[in-house]
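Here is the structure we will look at, set down as structure tokens.
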Amino acid sequence: MVLSRFWLAIFISSIVFIVISLFTANTYTIDYVLNGKKDDPILVSEKYAEQLPAFIKDSIKNAPNQTMIINRDTLNADTTYVYKNKTVKIYSGIQKSDGLLPTCKTTLVDIILPLIAYLAFFCGLMELLIISGASGKLAKALSPVFVKVFPSIPKNHPSISYMTLNFAANFLGLDSAATPFGLKAMESLQEINPEKDKASDAQIMFMCLHASGLTLIATSIIGYRAAANASNPADVMLPCIITSFIGTIAAFLIVGIKQKINFKSASLLIALMVLIAAIVGLLMYVNHLDLIGKNYFTANLSGLILIAIIAFTLIFSFINEKKFREAETTVFDTFVVGANNGVKTGVTIFPYVLGMLVAISLFRNSGLFEIISDGIGFVFLNLGVSQEITNALPVAMLRPFSSAGSRGFLIDSMSTFGADSLTGRLSSIFQCSAESTFYVIAVYFGSVNIKNTRYALGTMLLVDVICVITAIFVASWFF
């Protein structure tokens, strides 16, 4: 219900703002909102040739043909004059994201089709884990902890193993594996959900912990910083871990208080201490490495663990091949069945993802997002917050809506202010400290056709705010 209203608010407010801008002459055309592509110039005016300044007229007269593009840094570095026949079209600035119709295409081609491929492969592996009995053993081993965090889940339930794999993949920065594992967890939790169109307590807890984005190896962020010539691309690792860990703890406490979870459980406290010890131990190991060693370690750890998961699944399935024969199937046929289920899941979530991304596209291209962002930045400046911090805020603001959009702002901030500036580093922490809230909700709840997300969206947005505040303090402390 809340998500639906928020989605409608984004759509309606964006459309109203676009129409008002057109009729008040703040914009010349709205075609870019519908058909424009990212990084295309935006048409801001069209004039007759007679209305042009003298130097442009002279350039046109001396042109060997009837079409000419003139860039004049003395006027506006972003302005392009295009002459054709008797009129001149003036373009200024570039489009921040694809328009509505190109977004429909890119959602299918660049997001859903790759996601379906990932789902097919990893759902095939998960089917092997189920038939071979590996998922049952993992669930049994972790049940003492998970039944404290998810009291509504029966002991040794299969969803425990799927959630574990999802959390582990997120922790190691394996996004391509985390989503299939997470969708399988939601599907498994939906089987024990008494109200099929309403999110259960277990699903909300899982979603909020997943969206808090606890990550050890921020491989993609390190790659972006290396491309931006950062002196030490991995120097944001520790701030990223601290920020995402605090976000995860905040999500657990907020949802736990709402669901009246017993925080004094011995098994829960032990699990938390083990997690903290593992993080500290890995950080101590990474910190003693030199720059090349850090880059080598961060570049290979996640990949090696993913290969280890695949190898374990296949070897364990081969060792327990008898169970496949008892189920009247083979290892390969089981993989194919799981992959087919993954394809079906991808098709199911497509409309949910499409609806959310189209709304976000309209919101960004309408100009409303920039006005809100600039307004918040102005407020922060007047509260005494430094300019370096306010320059990074667009990344934090766009992150809940679009990972690709906030990534664009991240790259731009490092290019403009420098990868080693406080703005560049803070933008990096913002990017890796949480998930794309609206995308995640659309994908995960959409995969099981849940319409009422209850308090999930509000909690996830609150955790996003906590991560932003934490990132500012951590970045200021470290850098």
Side-chain angles (χ1 to χ4, degrees), residues 1-7 115 119 122-123 126-127 129-130 135-136 138-140 142-167 169-170 178-212 248 251-252 254-262 268 338 341-353 355-356 435 437-463:
M1 187 70 71
V2 175
L3 180 61
S4 175
R5 289 173 179 171
F6 196 91
W7 181 78
L115 179 59
L119 285 171
F122 286 103
C123 285
M126 283 186 283
E127 193 69 18
L129 290 172
I130 294 170
S135 63
L138 181 61
K140 185 177 181 180
L142 295 172
S143 274
V145 175
F146 273 76
V147 294
K148 302 298 182 182
V149 180
F150 303 90
S152 61
I153 298 179
K155 191 176 181 180
N156 304 335
H157 193 265
S159 61
I160 295 173
S161 57
Y162 305 142
M163 287 190 288
T164 301
L165 291 170
N166 172 266
F167 293 147
N170 266 336
T179 300
F181 292 147
L183 291 175
K184 190 67 178 178
M186 285 294 283
E187 179 185 319
S188 184
L189 290 172
Q190 183 70 350
E191 293 174 1
I192 56 175
N193 183 5
E195 299 180 67
K196 300 301 181 185
D197 63 341
K198 186 177 180 181
S200 66
D201 285 352
Q203 288 172 322
I204 293 174
M205 175 63 85
F206 168 64
M207 280 297 304
C208 292
L209 290 178
H210 166 82
S212 61
T248 301
F252 176 58
I254 293 169
V255 180
I257 292 171
K258 184 78 174 177
Q259 298 180 1
K260 299 179 180 179
I261 289 174
N262 179 19
L268 195 58
N341 291 334
V343 171
K344 292 178 181 177
T345 300
V347 173
T348 299
I349 65 178
F350 171 56
Y352 294 88
V353 177
M356 188 57 66
E435 279 281 2
T437 300
F438 292 97
Y439 172 80
V440 168
I441 278 193
V443 170
Y444 282 76
F445 284 122
S447 68
V448 289
N449 297 312
I450 284 179
K451 298 176 177 61
N452 185 356
T453 59
R454 298 171 64 197
Y455 52 89
L457 177 60
T459 302
M460 291 165 70
L461 290 175
L462 177 57
V463 172

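We number each residue from 1, following the sequence as shown.
- Under the side chain to side chain donor-acceptor pair (under 3.5 Å) criterion, Tyr444 pairs with His210, not counting sequence neighbours.
- Looking at heavy atoms from C-beta onward, Asn452 lies out of side-chain contact with Glu195 at the 4.5 angstrom threshold.
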*asked:* Checking Tyr439 against Met356 for the side chain to side chain contact (heavy atoms under 4.5 Å, CB included) test, could you report, in this order, the C-alpha distance in whole Å, the side-chain angles of both residues, the deciding distance, and whether it holds?
replied: CA-CA 7 Å; Tyr439 172 80; Met356 188 57 66; 5.6 Å; no
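- Residues Phe445 and Met207 meet the side-chain proximity criterion, which asks for heavy atoms closer than 4.5 Å.
- The two residues Ser200 and Arg454 have their closest heavy-atom pair at C-NH1, 3.7 Å.
- Residue Leu189 holds its CG atom at 7.5 Å from CZ of Phe150, rounded to the nearest 0.5 Å.
- In this structure a side-chain-to-backbone donor-acceptor pair under 3.5 Å is present from Asn193 to Lys198.
- Separation of atoms CD1 (Ile450) and NZ (Lys196) is listed at 9.0 Å; rounding is to 0.5 Å.
- In this structure, the side chains of Leu462 and Ile254 come closer than 4.5 Å at one or more pairs of heavy atoms.
- Put simply, the side chain of Phe252 does not reach to within 4.5 Å of the side chain of Val463, judged on heavy atoms.
- Proximity of Leu457 to Thr437: side-chain heavy atoms (C-beta onward) are separated by under 4.5 Å at one or more points.
- Expressed to the nearest 0.5 Å, how far CG of Leu119 lies from OG1 of Thr345 amounts to 6.5 Å.
- With a 4.5 Å cut-off on side-chain heavy atoms, Val443 and Tyr352 do not count as touching.
- Interatomic distance, Ser159 OG to Lys184 NZ, rounded to the nearest 0.5 Å: 11.5 Å.
- Closest approach of Lys155 and Val147 over heavy atoms only: CA-CG1, 4.1 Å.
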*Check against salt bridge (charged side-chain N to carboxylate O under 4.0 Å, His left out), Asp201 and Lys258*: CA-CA 9 Å; Asp201 285 352; Lys258 184 78 174 177; over 6 Å; no
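- The CG atom of Leu115 sits 4.5 Å away from the CD1 atom of Ile349 when rounded to the nearest 0.5 Å.
- Two rings, from Phe167 and Phe206, have their centers less than 6.0 Å apart.
- Scanning all heavy atoms of the two residues, the minimum distance from Ala202 to Ser152 falls at CB-OG, 3.6 Å.
- Of all heavy-atom pairs between Cys208 and Thr459, the closest is SG-CG2, 3.7 Å.
- How far CD of Glu187 is from OG1 of Thr348: 9.5 Å, rounded to the nearest 0.5 Å.
- Side chains of Met126 and Asn341 form no contact here, defined as non-hydrogen atoms less than 4.5 Å apart.
- The side-chain heavy atoms of Thr248 and Leu209, taken from C-beta on, include a pair separated by under 4.5 Å.
- With a 6.0 Å radius and a threshold of 12 heavy atoms from other residues, nucleotides or ligands, Lys140 has its NZ atom at or below the threshold.
- Contact between Ile153 and Met163 at its shortest, heavy atoms only, is CD1-CE, 3.6 Å.
- Here the side chain of Asn166 pairs a donor or acceptor atom with the backbone of Ala178 at under 3.5 angstrom.
- Between Gln203 and Ala199 the shortest heavy-atom distance is OE1-CA, 3.6 Å.
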